[in-house]
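Would you mind keeping the following structure in view while I ask a few things?
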Amino acid sequence: MTSALAGYDTAIVHTAIEYLGKREVGNNSGPFVDRLLRYVGIYRPAPWCTAAAVTILHEAAQHLGGVSTCPRVASGAKLWRWAMRNPAKAERIRHAEDLRPGDVVIMGSTVAKADRIRRGRLASGHTWIAGSSATDKDGYHVSFEGNTNLGGSRDGQGFLSRTRTFADPRVVGGIRFQALYVPGVSR
């Protein structure tokens, strides 16, 4: 029998904080980035923002002695599409006031690409973990994100904390995954 584990959101944020300052070496590679990419089944240099979020969600669930409902994919668009097809395992967040720490936020690289992702199609974008609830009507929140830089590029050099807005028209939405207790899984 499985049941949802309490404290998953807090464990996600704590795990993300442990990642802060980790850097890539070269372009989308290096020991840290390669480990994240391998975790989601990629064995070459590639954008790694989604791989960072997915790895963090799984590590946080393991810290609690459970498993995450988050699939091991390397694309924010694939995460969104999976959430559309699995509402019992992933709640889609469409409004800033519903965003909570630990939610995964998906953004298209352009408004047109965000619209494609919302419709369940693949398109390029960026992924991060909300580190705080939205603080105002525009949904400003702390983010924890891989493959970014202080200038805000989605093709950056490290894992950093930034401030993002849910009101950005490129934001597709957020996804809230669960950690489940599964007998036989230990911490």
Side-chain angles (χ1 to χ4, degrees), residues 2-24 32-33 35-41 47-84 86-107 125-135 139-148 154 156 158-166 168 171-182 185-187:
T2 62
S3 61
L5 290 171
Y8 185 42
D9 53 351
T10 302
I12 293 168
V13 170
H14 285 290
T15 304
I17 289 169
E18 292 174 9
Y19 275 58
L20 288 174
K22 302 281 187 183
R23 312 279 300 176
E24 65 182 39
F32 168 69
V33 173
R35 179 179 70 83
L36 300 174
L37 291 171
R38 278 192 310 273
Y39 191 79
V40 296
W48 53 277
C49 56
T50 302
V54 167
T55 303
I56 288 168
L57 267 66
H58 282 271
E59 287 181 3
Q62 289 170 354
H63 289 315
L64 296 173
V67 296
S68 178
T69 59
C70 179
R72 287 191 189 190
V73 298
S75 159
K78 287 182 180 180
L79 273 181
W80 187 259
R81 187 166 58 184
W82 188 90
M84 290 172 64
N86 295 278
K89 295 180 179 179
E91 177 185 351
R92 288 185 292 159
I93 310 301
R94 295 189 180 101
H95 305 287
E97 61 270 15
D98 298 326
L99 188 67
R100 293 195 313 225
D103 291 344
V104 176
V105 180
I106 309 297
M107 179 177 78
H126 188 56
T127 304
W128 65 82
I129 295 171
S132 70
S133 296
T135 59
Y140 279 95
H141 61 278
V142 171
S143 67
F144 297 117
E145 49 194 278
N147 204 24
T148 193
R154 66 182 185 91
F159 191 87
L160 305 172
S161 180
R162 304 190 57 238
T163 301
R164 292 280 190 175
T165 177
F166 207 74
D168 184 321
V171 169
V172 174
I175 308 169
R176 184 169 302 134
F177 294 97
Q178 299 175 36
L180 302 175
Y181 168 75
V182 179
V185 174
S186 61
R187 289 183 180 204

Is any side-chain heavy atom of Ser161 closer than 4.5 Å to a side-chain heavy atom of Leu20?
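They are in side-chain contact.
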
A side-chain contact here means heavy atoms from C-beta on lying under 4.5 Å apart; do Met107 and Glu145 qualify?
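No, too far: nothing below the 4.5 Å cut-off.
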
Minimum-distance pair of heavy atoms, taken over all atoms of Pro101 and Asp9:
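Where Pro101 meets Asp9 most closely, the heavy atoms are O-CB, 3.3 Å.
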
What's the shortest heavy-atom distance between Asn147 and Pro47, and which atoms?
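Closest pair (atom of Asn147, atom of Pro47, distance): ND2-CA, 3.7 Å.
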
Hey, does Leu79 have a side-chain heavy atom less than 4.5 Å from the side chain of Cys70?
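They are in contact (side-chain heavy atoms under 4.5 Å apart), so the answer is yes.
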
Could Arg162 and Trp128 be counted as a cation-pi pair, given that NZ or CZ must be under 6.0 Å from the ring centre and within 45° of the axis?
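Negative - Arg162 is either too far from the ring of Trp128 or too far off its axis.
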
Lys22/Arg35 under side-chain contact (heavy atoms from CB on, under 4.5 Å): CA gap, chis, key distance, verdict
CA-CA 12 Å; Lys22 302 281 187 183; Arg35 179 179 70 83; over 6 Å; no

Looking at NE2 of His63 and NE2 of His14, how far apart are the two atoms once the value is rounded to the nearest 0.5 Å?
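That separation rounds to 11.0 Å.
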
List the steps and the verdict of side-chain contact (heavy atoms from CB on, under 4.5 Å) for Met84 and Trp80.
CA-CA 6 Å; Met84 290 172 64; Trp80 187 259; 3.7 Å; yes

Within the distance-only criterion (no hydrogens, no angle test), does the side chain of Ser132 pair as donor or acceptor with the backbone N or O of Val142 below 3.5 angstrom?
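Yes, the answer is positive, given that a donor and an acceptor are paired below the 3.5 Å cut-off.
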
Between Val54 and Val40, what is the shortest heavy-atom contact and its length?
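What the structure gives for the nearest pair is CG1-CG1, 3.8 Å.
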
What's the shortest heavy-atom distance between Ser143 and Thr163, and which atoms?
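Closest pair (atom of Ser143, atom of Thr163, distance): OG-N, 4.3 Å.
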
Between Thr69 and Gln178, is there a donor-acceptor pair closer than 3.5 Å when you use the side chain of the first and the backbone of the second?
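The answer is yes, because a donor-acceptor pair under 3.5 Å joins these two groups.
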
Could you state the interatomic distance from CG (Asp103) to CZ (Phe166), rounded to the nearest 0.5 Å?
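Reported to 0.5 Å precision, the distance equals 8.0 Å.
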
Any Trp82 side-chain heavy atom under 4.5 Å of Ser75 side chain
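A side-chain contact is absent here, since even the closest heavy-atom pair is not under 4.5 Å.
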
So, for Ala52 and Gly146, which heavy atoms are closest and what is the spacing to 0.1 Å?
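Residues Ala52 and Gly146, closest heavy atoms: CB-CA, 4.4 Å.
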
In the structure I gave you, are the side-chain heavy atoms of Ile12 and Leu57 within less than 4.5 Å of one another anywhere?
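In short, these two side chains touch, coming nearer than 4.5 Å.
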
Which value, rounded to the nearest 0.5 Å, describes the distance between Leu37 atom CG and Glu24 atom CD?
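The CD atom of Glu24 is 10.0 Å from CG of Leu37, to the nearest 0.5 Å.
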
Student check: side-chain heavy atoms of Ser68 and His58 closer than 4.5 Å
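Yes, at least one pair of side-chain atoms sits under 4.5 Å.
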
Non-hydrogen atoms of Ala134 and Ala96 that approach each other most closely:
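In terms of heavy atoms, the two residues are closest at CB-O, 3.2 Å.
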
Short side-chain to backbone donor-acceptor contact, Thr135 and Tyr140, under 3.5 Å
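A pair under 3.5 Å: yes.
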
Roughly how far, to the nearest 0.5 Å, is the CD1 atom of Ile93 from the CD1 atom of Ile175?
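Here the interatomic distance stands at 9.0 Å.
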
Measuring only between side-chain heavy atoms, which start at C-beta, is Glu18 closer than 4.5 Å to Glu59?
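No, their side chains stay 4.5 Å or more apart.
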
With a 6.0 Å cut-off on ring centres, are Phe32 and Trp48 close enough?
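Yes - the distance between ring centres of Phe32 and Trp48 falls below the 6.0 Å cut-off.
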
Nearest-0.5 Å distance, CG of residue Asp98 to CD of residue Glu91
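These two atoms lie 7.5 Å from each other.
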
Val105/His141 under side-chain contact (heavy atoms from CB on, under 4.5 Å): CA gap, chis, key distance, verdict
CA-CA 11 Å; Val105 180; His141 61 278; 4.2 Å; yes

State, yes or no, whether a side-chain contact exists between Tyr19 and Ile56 at a heavy-atom distance under 4.5 Å.
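Yes - at least one pair of side-chain heavy atoms lies under 4.5 Å apart.
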
Rounded to the nearest 0.5 Å, what separates atom CZ in Arg176 from atom CG in Leu99?
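Interatomic distance, Arg176 CZ to Leu99 CG, rounded to 0.5 Å: 7.5 Å.
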
